[in-house]
Amino acid sequence: SPDHDIPWVVNADTATLKEDSPRIVLRGHVRATSSGDNERDETEIRTQYLEFDPERFVAETEERVQIRVGARSLTATGMLASLKDNTLELKSNVSGKFVP
């Protein structure tokens with residue numbers, strides 16, 4: 001959103017508004033990226049299903065998710081992310097690779 005200083009771009013194959021909710025349902029090759037000052041700070045979230053609340057800048061899924069921050073990567077089942085606050089909660093089956 002140009003009105004907010006939240007540097008995330010979200011792409012997916014399809015997006016639909018959830019009935020009676022402000023959430024947007026994203027399906028198929030969902031990719032959320034945020035670039036930092038350099039490539040080491042770039043963050044990427046990938047999943048097949050994501051619900052996004054554009055009013056609160058919150059993204060959530062119960063599906064498998066892959067997260068990459070620079071050269072570090074994690075996978076998990078389920079995620080709750082606040083893009084506004086740059087916080088991320090992985091729900092289960094978390095595994096990762098960290099390279100110095």
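Heavy atoms only: backbone and side chains are in, while hydrogens, waters and symmetry mates are out. Just so it is clear, the model here is predicted, and its values are computed rather than measured.
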- Would you say the side-chain atoms of Arg68 pair up with the backbone N or O of Gly70, donor to acceptor, closer than 3.5 Å? yes
- Message: Measuring only between side-chain heavy atoms, which start at C-beta, is Phe52 closer than 4.5 Å to Val25?
- Response: no
- Item | Nearest-0.5 Å distance that lies between atom CD in Gln66 and atom OG1 in Thr47 | 8.5 Å
- Message: So which atom in Pro22 and which in Pro54 form the shortest heavy-atom distance, rounded to 0.1 Å?
- Response: O-CD, 3.2 Å
- Query: Cluster question for you: counting only ILVMFWY and a side-chain heavy-atom cut-off of under 4.5 Å, with indirect links fine, are Val10 and Val58 together?
  - Reply: no
- Quick one: are Trp8 and Ile45 in side-chain contact, heavy atoms under 4.5 Å? yes
- Task: Grab the two heavy atoms, one from Thr16 and one from Arg27, that are nearest each other, plus how far apart they are.
- Result: OG1-NH1, 4.0 Å
- Query: Would you find a donor on one side and an acceptor on the other, under 3.5 Å apart, between the side chain of Glu89 and the backbone of Leu80?
  - Reply: no
- Query: In Å, rounded to the nearest 0.5 Å, how long is the span from CD1 of Ile67 to CZ of Arg46?
  - Reply: 12.5 Å
- Message: I need the Leu74 CG to Leu88 CG distance, nearest 0.5 Å.
- Response: 8.0 Å
- Task: Report whether Phe57 and Ile24 are members of the same hydrophobic cluster (ILVMFWY, side-chain heavy atoms less than 4.5 Å apart, transitive linking).
- Result: yes
- Message: Going by the rule salt bridge (charged side-chain N to carboxylate O under 4.0 Å, His left out), which residues pair with Asp53 if we only count those two or more places apart in sequence or in a different chain?
- Response: Arg56
- Task: For Glu62, enumerate each residue passing the side-chain hydrogen bond (donor to acceptor under 3.5 Å, both in side chains) test, keeping only those at least two apart in sequence or located in another chain.
- Result: Lys91
- OG on Ser92 to CE on Met79, rounded to 0.5 Å: 13.0 Å
- Message: For a quick check under 3.5 Å, do Thr75 and Ser95 share a side-chain donor-acceptor pair by atom type?
- Response: yes
- So if you build clusters from Ile, Leu, Val, Met, Phe, Trp, Tyr with side-chain heavy-atom gaps below 4.5 Å, do Leu17 and Val30 land together? yes
- Message: Which heavy atom of Arg31 sits nearest to which heavy atom of Glu44, and what is that distance?
- Response: NE-OE2, 2.5 Å
- Task: Could you check if a side-chain atom of Lys97 sits within less than 4.5 angstrom of a side-chain atom of Arg72, using non-hydrogen atoms only?
- Result: no
- d(Glu55 CD, Lys84 NZ) to nearest 0.5 Å is 11.5 Å
- Note on the structure: CD (Glu51) and CG (Leu26) are apart, to the nearest 0.5 Å, by 9.0 Å
